[in-house]
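Naming: A, B, ... by sequence-line order, numbering from 1 per chain.
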Protein chains: 2
Amino acid sequence: MAKKSTKTRNLREDCIVEALSIIGEDGLENLSLREVARRVGVSHQAPYKHFENREHLLAEVVGRCFDAFSKHLHTRKLTGDPTEDLASLGNAYIRYALNHPLEYRLMFGTSLPDPDKYPAMLEKAQYAYAILRDMLTQLFAANSRQKGADADLDAFFVWATMHGLATVLKSPSLATLPVTPSKLGKALPHAFQRVRAALKADLPA
Amino acid sequence: MAKKSTKTRNLREDCIVEALSIIGEDGLENLSLREVARRVGVSHQAPYKHFENREHLLAEVVGRCFDAFSKHLHTRKLTGDPTEDLASLGNAYIRYALNHPLEYRLMFGTSLPDPDKYPAMLEKAQYAYAILRDMLTQLFAANSRQKGADADLDAFFVWATMHGLATVLKSPSLATLPVTPSKLGKALPHAFQRVRAALKADLPA
DNA sequence: CTTTCAAAGTAGACAGCGTCAACTGTTCTG
DNA sequence: CAGAACAGTTGACGCTGTCTACTTTGAAAG
């Protein structure tokens, strides 16, 4: 039975892996269950034993991306200094987006499968968000100059900014914009400085 | 001849309008030239007289979105006060994204048709970006007490943040996050405050 | 006014897709 | 050992994009 479960898990796993690679090569819109089956070497119906339909497979792929993303965010060394750790979190976020544009796009760029229909995928997405939010909560707990500071609000702000930076930096339109590379290289550190300054500031009531 | 050119322009125009509405109803992945033809009331091949293929139609739709976006950004009254105008630009940006989520998604969310292949679309996108960047550059030029301040860098920061806020605010995952609506209502003003604070701050060398 | 000719629209065909139904074989269970 | 659960195969259906070949049309040229 061990053999069987291994075998079945293999096809399932293979499909997910192959799906991601197809998306990378031919784009999301050209992902087809039949092509997956062909590459894995099974009949065109075999994947349906493991995924209800195309969207279920896609949800699984996206879920894996969130897993990898969360893992990446977690596997950093923490210094204990909240400011430092926050910066490192931001760096990790951007680095992942830039180094894994395909996966990042799948998670945030394209129109996802409806999260309501895929609770497993949704949970993984929420987990990734929770990492960011918890980190900021800690930051404010340690750095309690701002008593009334609402970590959720700032988590949202930081998250949005990181996401915006990541998206804009690798937007296909950007490559064609009249922006010098040297300026582009400064853009990210500059934005990080701005965010740091923003979070330090006392806000008016 | 006027009549003819009107007529043909009508089918072309009708296709674009219908395409957008199909995307709104059934999603981008369910946009089909055949359905467009059906709704417009012509044979399944008629649209091919006006669009080489599905992607060309889509590029045209996206181009129109950029046009509308540019127009929206332009039609604001300026007060002359840089800080005020900057805030108003930010608001205009976010407002468009929130009021026209479908169009905004098409421009920035989904995987676009390859810009290299559709120079007309690309040009419109660059024009919209130029508006944004020019306004920001001007505002910062008028604004910055900081000597070495590079307006381009701040423009980039603000643009990315606005884009991030817009995207995250209407991301489907957001609706399912454990965030109360009241908090969500505060999120945007809070982020704007943070951005304002960020831009006011003196940055370390 | 008639001819002509390109553009616009129609009709049919083809392969590829997602997915349903029915079948075969293999493996675990009672 | 019987049989049920499950993985995989085959075939079919209607949908899609797009090719080719046809017909209509309406403006311009003679």
Side-chain angles (χ1 to χ4, degrees), chain A residues 1-62 106 110-114 117-118, chain B residues 1-62 106 110-114 117-118:
Chain A
M1 63 180 164
K3 190 184 174 188
K4 174 189 164 186
S5 97
T6 320
K7 209 177 176 185
T8 79
R9 190 171 322 163
N10 275 350
L11 177 51
R12 195 185 149 82
E13 223 50 35
D14 288 352
C15 285
I16 297 171
V17 170
E18 213 57 58
L20 185 61
S21 107
I22 290 175
I23 297 173
E25 292 170 29
D26 306 330
L28 177 56
E29 65 281 1
N30 292 318
L31 169 66
S32 81
L33 278 184
R34 288 179 110 108
E35 178 64 19
V36 170
R38 225 172 281 128
R39 293 201 188 190
V40 173
V42 294
S43 79
H44 71 268
Q45 273 297 326
Y48 279 87
K49 300 294 167 177
H50 301 275
F51 308 96
E52 264 186 49
N53 54 37
R54 181 184 185 274
E55 214 177 23
H56 272 77
L57 170 58
L58 188 55
E60 190 68 40
V61 171
V62 174
L106 277 178
T110 75
S111 57
L112 286 184
D114 182 356
K117 289 186 194 161
Y118 304 95
Chain B
M1 65 177 165
K3 190 183 174 189
K4 175 188 166 187
S5 95
T6 320
K7 207 178 178 186
T8 79
R9 188 169 325 162
N10 275 350
L11 178 52
R12 197 185 148 80
E13 225 46 36
D14 289 352
C15 284
I16 297 172
V17 170
E18 212 57 56
L20 184 60
S21 106
I22 289 175
I23 296 173
E25 293 170 27
D26 305 330
L28 177 57
E29 66 281 2
N30 291 318
L31 169 67
S32 82
L33 278 184
R34 289 178 110 107
E35 177 64 19
V36 170
R38 227 171 278 129
R39 293 201 189 189
V40 173
V42 294
S43 80
H44 71 268
Q45 273 298 327
Y48 280 86
K49 299 295 167 175
H50 301 275
F51 307 96
E52 264 185 49
N53 54 37
R54 183 184 183 273
E55 214 177 23
H56 273 77
L57 169 58
L58 188 55
E60 190 68 41
V61 171
V62 175
L106 277 178
T110 74
S111 55
L112 288 184
D114 182 358
K117 289 187 194 162
Y118 304 95

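- Rounded to a whole Å, the CG atom of A/N30 is 14 Å from the P atom of C/dG16.
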Show the distances under 3.5 angstrom between N or O atoms of the protein and N or O atoms of nucleotides 9-13 of chain D.
residue	atom	partner	partner atom	Å
D/dT9	OP2	A/S43	N	2.6
D/dT9	OP2	A/S43	OG	2.8
D/dG11	O6	A/H44	NE2	3.0

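- Here C/dC17 presents its P atom at 14 Å from CG of A/L57, a figure rounded to the nearest Å.
- In this structure, CD on B/E13 lies 7.5 Å from CD on B/E60, to the nearest 0.5 angstrom.
- Using a 4.0 Å cutoff on non-hydrogen atoms, no part of residues 15-29 of chain A comes near DNA chain C.
- Among residues two or more places apart in sequence or in another chain, the side chain to side chain contact (heavy atoms under 4.5 Å, CB included) test is passed with A/H56 by A/F51, A/E52, A/N53, A/Y118.
- In this structure, CG on A/N10 lies 10.5 Å from SG on A/C15, to the nearest 0.5 angstrom.
- Distance CD/A/E29 to CG/B/L28: 8.5 Å, rounded to 0.5 Å.
- Rounded to a whole Å, the CZ atom of B/F51 is 16 Å from the C1' atom of D/dT18.
- Between B/L58 atom CG and D/dT18 atom C1' the separation is 17 Å, expressed in whole Å.
- Using a 4.5 Å cut-off on side-chain heavy atoms (C-beta onward), B/V61 and B/L57 make contact.
- Remark: A/E18 pairs with A/R39 by the salt bridge (charged side-chain N to carboxylate O under 4.0 Å, His left out) rule, at least two apart or across chains.
- Put simply, CD on A/E35 is 18 Å from P on C/dA15, counting in whole angstrom units.
- Between the CG atom in B/L58 and the CG atom in B/L31 there is a gap of 6.5 Å [rounded to 0.5 Å].
- Atom pair A/Y48:OH and C/dA22:P shows a separation of 17 Å (rounding to whole Å applied).
- Applying the side chain to side chain donor-acceptor pair (under 3.5 Å) test to B/R38 and every residue at least two apart in sequence or in another chain returns B/E35.
- Rounded to whole angstrom, the span from the NE2 atom of B/H56 across to the P atom of D/dT18 amounts to 10 Å.
- Note that OG of B/S43 is 9.0 Å distant from NZ of B/K49, once rounded to the nearest 0.5 Å.
- Atom C1' of nucleotide D/dC19 and atom CG of B/L33 are separated by 14 Å, given to the nearest angstrom.
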